[in-house]
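Notes follow the structure.
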Amino acid sequence: MAQIPNLDNSPLNLKALREQSQKDLVKILKDIRGKKCLVIEPKLGGSLSLIIQTSLLKEYGIELRHLSAEPVQTDCTKVVYLVPSQRDLMKSISSHLHDDISKGLQREYYIYFVPRREIQCERILEEEKVHHLITIGEYPLYVVPVDEDILSFELDLAYKQCQVDGDTGSLWHIAKAIHKLESTFGVIPNVRAKGKASVLVSDILDRMHTEEPVNSSDMALSEINTLILIGREVDMVTPMCSQLTYEGLLDEFLRINNGSVELDSSIMGVQQEGKKMKVPLNSSDKLFKEIRDLNFEVVVQVLRQKATSMKQDYTEMTTTNQTVSELKDFVKKLNSLPEMTRHINLAQHLSTFTSKPSFLAKLDMEHTIIETSSYDICFDYIEEMIHKQEPLVNVLRLLILFSVTNSGLPKKHFDYLRRELLHSYGFEHMATLNNLEKAGLLKKQESKSNWLTVKRALQLVVEDTDTANPNDIAYVFSGYAPLSIRLVQHAVRSGWRAMEEILKLLPGPHTETKRLGFASSPSFATLQGASNGLDKIADGRRSLVLVVFVGGVTFAEIAALRFLSAQEGMAYDLIIGTTKMVNGHSLVETFLETIG
């Protein structure tokens, strides 16, 4: 099955977007005549695997290498570096050139920065005295379609950079990516933003419109009706909770990377000693599309039912005379056997984690923290985790959840836990704790927490959640409705104005802009499924809302958005944009830093 996702069923023509990125890359490579060696920064290589197949690159006579500290081994006289604009990478490239010069190798060098060149990077090349040897260009890859309804801006560190380093470069990148979408699909008439970073993105976007207006003369109507920007800092509760959807759990335990997981082949029933294999996970796999967003409890039942039904069909086949059309139906069912086997193997592997008493105890504790039912029990549990020296990221994840819902910890408790953490895990983790404090994720309590008010007003805890036949988004966390998605739900249904008081209790400002000059576009009010029929675009498709998460989104939140979109009376399709797919672990890891 292809690693490149099938985008045929996307509510927006993401295929055209991807094809443009392919063309841009191929043009760069074609313009450099002759045999060449393409050296790609490994992470960027992962993003490119969602855009272009390596076999296609090889057709152009290109040798592929991953960028590392080691010199490039190739017979090609032309070396093309494709790298993100990161200063540390310039040192590696410079050392490659120095190495070549010392060996008397004559080569032509090219650096293509993704998505744009940066002065600081070029300055390092000048300091290393290699700038004059290099032809420099840009490959403007701002957005990567990860699946038929997900766009990633591939900014791994955006949240930490904004919250800790005060570096807002990623916000310009997000605005530029949205601006590029608008130049393809028309200017988005309604924009709602919540959170400091999101409001900044909205402001930068407005500035871009003034400086380089989108030519919309030939566009009677924008394809995207509304843009909703949600800053991750507005809701740090959700990503710290354990996701309980199938795809969410796969990410929690196996880490989904660029739409696939890598695991031991033995788990997938392939007996090759110690060999790893990649399993693609996207909507090209019909069974995965059907079960990815279900609560894991239900997935096991669905797979069991499908296997039983297949077994019955097989028995009937072997014991009765079948007509040709019945045979045909049976063979059709057999075609789905590889998908069935794949997901039964994956589900079985996940069960080894989800059935552990330690996992169930952690879920219990997360719910206790969210329900703010017993401060002391939670405090003791975290203290015990520290004393048992459980993995630091696991401890910090629960501690952040505890701190955020309590608006910080009383000074005495804060100082005590901080001291215990440094004693248990080493004083070099001081930098990590400082980063978390700077980001407001682990701090001293300065005011009373308003979590209880927010939780009640937005009905974030839903008792007796039916995971098999859900009627609320809370099924994705078995009883907790993600705050971020409740905000989207309200933003779409009635806008920010109706929930002004609640928004004020959450971090950061909020804005609502109606861009002028779009009289032909359906007003936002019609998004509630109003009866005047304006909620459908002229050709009968539903209105589109682009929900952008500044700082990352989890698979469970995406599942909740898909659930909302599928509800009766919902008059719009959703496309999700994100700086990166994240979970509690990957987010906490961005803050890890050791002294010395």
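Under the salt bridge (Lys or Arg N to Asp or Glu O under 4.0 Å) criterion, D380 pairs with no residue, sequence neighbours left out. The salt bridge (Lys or Arg N to Asp or Glu O under 4.0 Å) search around E501 returns K504, not counting sequence neighbours. Evaluation of the side chain to side chain contact (heavy atoms under 4.5 Å, CB included) rule for Q120 yields R87, E118 as partners, not counting sequence neighbours. Under the salt bridge (Lys or Arg N to Asp or Glu O under 4.0 Å) criterion, K448 pairs with no residue, sequence neighbours left out. Remark: I377 engages M365, S374 in a side chain to side chain contact (heavy atoms under 4.5 Å, CB included) (not counting sequence neighbours). Residues passing the side chain to side chain contact (heavy atoms under 4.5 Å, CB included) test with N406, sequence neighbours excluded: Y375, F402, Q445. With sequence neighbours excluded, the residues forming a side chain to side chain contact (heavy atoms under 4.5 Å, CB included) with S478 are L244, N295, T467, listed by chain and number. With sequence neighbours left out, the salt bridge (Lys or Arg N to Asp or Glu O under 4.0 Å) criterion links D415 to K411.
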Donor-acceptor pairs under 3.5 angstrom involving side-chain atoms of residues 197-204: please list them, not counting sequence neighbours.
| residue | atom | partner | partner atom | Å |
| --- | --- | --- | --- | --- |
| S198 | OG | K194 | O | 3.3 |
| S198 | OG | G231 | N | 2.8 |

Without placing hydrogens or testing angles, list every side-chain donor-acceptor pair under 3.5 Å for residues 43-52, not counting sequence neighbours.
| residue | atom | partner | partner atom | Å |
| --- | --- | --- | --- | --- |
| S47 | OG | E154 | OE1 | 2.5 |
| S49 | OG | G46 | O | 2.5 |

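Residues F555 and V582 form no side-chain contact, since every pair of their non-hydrogen atoms from C-beta on lies 4.5 Å or further apart. Annotation: side chain of F288 is in contact with side chain of L250 (closest heavy-atom distance under 4.5 Å).
Applying the salt bridge (charged side-chain N to carboxylate O under 4.0 Å, His left out) test to every pair with at least one member in residues 383-397, sequence neighbours left out, gives these pairs: E252-R397, E384-K388. Residues in residues 357-367 take part in these side chain to side chain donor-acceptor pair (under 3.5 Å) pairs, two or more places apart or across chains: S242-K362, S242-E366.
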